[in-house]
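Sequential numbering from 1 along the given sequence is applied to the chain's residues.
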Amino acid sequence: MVFSTQPTQAKAWAKAFAHPPTEFGSTPLPILSGAIPTGLRGTLYRNGPARFERGGQRMNHWIDGDGAVLGVHFRNQEATGVYRYVQTVGYQAEEKAGKLIFGGYGMTPPGDMWKRFGMELKNAANTSVIALPDKLLAMWEGGPPHALDLQTLKTFGLDTLGKLKASSAYSAHPKRDPQTGEIYNYGISYGKEGVLNLFKSDRTGQILQQAAIALDGLPFFHDFVLAGRYLVFFIPPLRMNPLPFMAKQKSFSDSFSWVPNKGTQILVIDRATLEVVSRGEAEPWFQWHFSNGYLDASGTVVVDVVRYEDFRSHQYFREIPTGQTETAAKGSLWQLRLNPQTGKITEMYEVLDRGCEFPTVASEQVGQASRFTYLLLYRSGADLKQDLWGTIGRFDHQTGRLMEANLGENCYPVEPIYVRDASNPEQGWVLTVVFDGDRDKSEVWIFDAAHLDAEPICRLALPSTVPFGFHGTWKTEA
């Protein structure tokens, strides 16, 4: 694949990546407009790559940046914010050295070839978070999570959850059953063949049950689905050539090739036993994220997913922290129906022909039927080669209607998080962090979920710029 080397005009969103962000401790957040709803009580946590440079060296991919977590505590119609880098071993070593040392998802270790050999990838702790009763976990794709203090975001260190090894992969997309509190997750281990390692934890995060399932070759996938009594994995046709990666001649992600003739492989797992129910195959596509999954009245698995034609989005994500993108990689919202006993898709169709990413549902509906999907959208008419997602929307699966917010020119949000009002379960709020490219400022915006196309209910100022992150969560105040 050949990409243009012609420079593009820098967009306003590029300013968010111009400088490493500044941490801040517990700080009252000024209200810029509106008021904080009385029923919004709890904490918004967001994680994302924040530092992309050391000693004049730049990291090569959005997914490689050192993780930093934002916490916004809402109490008594007031908000307090805190923003901290996750103090991983790799972050501390590079901070001390004043230069890059490690390789990552999209980059090889810098320096001489003989020094690279055998070097582990840096656990950047930069992808998502899950709030447990006594700690916050900052997660990354290829290693154990880091535990943080729920209030101060102080890093406690790697957390084995009772069973993980230091080398164990633990995905950044655990699924928590809203009724039982059980947490399901996975990790991929790479050897001669790939192995899917499954983990079932209690509500505190402690691993209770594990299983290992053989995979075809050495694949890569980033997310999975909890659907009623099933865990469902869709494995796109990406396969690794391990030799260039082991020799540190290629990065982890660049060691994969798109092999469409392999199709998308499907694994259906019984969540109670962690045993395979069925294996299937479908046409090739790639996905980063699923919105949700559930069982309908007929026992069919229904899945909502942002689907791409291929792996081109990897290149687009590589370009984002440079501030200039030139690769169009459109993902759109699809729905599929799957027979869990055979692993065969019975129906699959696009429900929203609009460039989008980072789909979410209300946390109390994970694994269950959900009417609404919340997601990031490109503005109507945006140039997908040069722009970033410029608004948020709510798609109604019942009516097929898309409701979208109007953030204004040069304002860019992150993944929207739905929060149920603590006093009125029929009322919901949508929270996002918005970067204002004209003023080079970051803010927290709160919308009425039922009126996302109206002005935000409240806007809060953050003390410093928070770069575009990946995933967040909400923890209701006890």
Donor-acceptor pair between [X] and [Y] side chains, under 3.5 angstrom:
X    : Y    : result
Q57  : E53  : no
E364 : Y418 : no
S251 : T108 : no
R271 : Y184 : yes
Q77  : T38  : no

Looking only at atom types and distance, does a side-chain atom of [X] sit under 3.5 Å from a main-chain N or O of [Y], one as donor and one as acceptor?
X    : Y    : result
D396 : G400 : no
D202 : G205 : yes
K385 : T327 : no

Problem - Cation-pi geometry met for R41 and F74 (6.0 Å, 45°) - result: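 Relative to the ring axis of F74, which defines the angle, R41 lies outside at least one limit.
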
Exercise for the section: State whether Y412 and R379 meet the cation-pi test: NZ (Lys) or CZ (Arg) under 6.0 Å from the six-membered ring centroid, and within 45° of the perpendicular axis. Expected result: yes

Run the salt-bridge test on [X] and [Y] with the 4.0 Å N-O cut-off and return the result as yes or no.
X    : Y    : result
D310 : R312 : yes
K135 : D159 : yes
D64  : R51  : no

Look up atom [atom1] in [X] and atom [atom2] in [Y], then write down how far apart they are to the nearest 0.5 Å.
X    : Y    : atom1 : atom2 : result
L402 : D353 : CG    : CG    : 11.5 Å
L208 : Q206 : CG    : CD    : 8.0 Å
I130 : M139 : CD1   : CE    : 5.5 Å
L352 : T373 : CG    : OG1   : 9.5 Å
I417 : T360 : CD1   : OG1   : 5.5 Å

Going by side chain to side chain donor-acceptor pair (under 3.5 Å), name the residues that satisfy it together with [X], two or more places apart in sequence or in a different chain.
X    : value
T180 : E182
W285 : Q287
R439 : D436, E443
Q427 : D448

Problem - Parallel, tilted or perpendicular: rings of F256 and F252 (30°, 60°) - result: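 Aromatic pair F252/F256 classed perpendicular.
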
Handout entry: Aromatic plane relationship, H222 with F220 - under 30° parallel, 30 to 60° tilted, over 60° perpendicular
Key = tilted

Problem - side-chain hydrogen bond (donor to acceptor under 3.5 Å, both in side chains): pairs with one or both residues in residues 23-37, sequence neighbours excluded - result: none

Handout entry: Qualifying side-chain hydrogen bond (donor to acceptor under 3.5 Å, both in side chains) pairs, either residue in residues 402-411, two or more places apart
Key =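 side-chain hydrogen bond (donor to acceptor under 3.5 Å, both in side chains) check on residues 402-411 returns R354-E404, N410-D438.
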
Under the side chain to side chain contact (heavy atoms under 4.5 Å, CB included) test, which residues partner [X], sequence neighbours left out?
X    : answer
T432 : I392, P413, V414, V434, W445, F447
E78  : none
T300 : D296, S298, R337
T22  : S464

Problem - Other residues, nucleotides, ligands: >12 heavy atoms within 6.0 Å of N76 CG - result: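 Atom CG in N76 is not packed in, count stays at 12 or less.
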
With a 6.0 Å cut-off on the ring centroids, do [X] and [Y] count as close?
X    : Y    : answer
H146 : F156 : no
W288 : F221 : no
H314 : F311 : yes
F290 : F234 : yes
F224 : H173 : no
W389 : F358 : yes

Completion exercise
Taking every heavy atom of A125 against every heavy atom of N47, the minimum-distance pair comes out as O-ND2, 3.1 Å

Practice task
Would you name the heavy atoms of K475 and P133 that are closest together and state the gap between them?
Solution key: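 Nearest heavy atoms, K475 then P133: NZ-CA, 4.1 Å.
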
Problem - Note, V366 side chain near V361 side chain (heavy atom, < 4.5 Å) - result: yes

Exercise for the section: Run the numbers on D177 and R203 for salt bridge (charged side-chain N to carboxylate O under 4.0 Å, His left out), then give the verdict. Expected result: CA-CA 9 Å; D177 186 301; R203 60 184 296 273; over 6 Å; no

Practice task
Would you list the pairs meeting salt bridge (Lys or Arg N to Asp or Glu O under 4.0 Å) in which at least one residue belongs to residues 91-100, sequence neighbours left out?
Solution key: R54-E95, E94-K122

Exercise for the section: Check step by step if side-chain contact (heavy atoms from CB on, under 4.5 Å) holds for V69 and R84. Expected result: CA-CA 6 Å; V69 176; R84 295 292 191 202; 5.9 Å; no

Practice task
Please step through side-chain contact (heavy atoms from CB on, under 4.5 Å) for the pair I269 and Y230, ending with a clear verdict.
Solution key: CA-CA 5 Å; I269 310 294; Y230 300 110; over 6 Å; no

Handout entry: Residue pair L132, T204: steps toward the side-chain contact (heavy atoms from CB on, under 4.5 Å) verdict
Key = CA-CA 6 Å; L132 302 177; T204 71; 5.9 Å; no

Practice task
Hey, could you give me each pair passing ring pair (Phe, Tyr, Trp, His ring centres under 6.0 Å) that has a residue in residues 449-470? Not counting sequence neighbours.
Solution key: F17-F468, W62-F470, F435-F468

Exercise for the section: Please report the C-alpha distance between T43 and W474 in whole Å, then the side-chain angles of each, then the deciding distance to 0.1 Å, and finally whether the side-chain contact (heavy atoms from CB on, under 4.5 Å) criterion is met. Expected result: CA-CA 6 Å; T43 301; W474 173 264; 5.6 Å; no

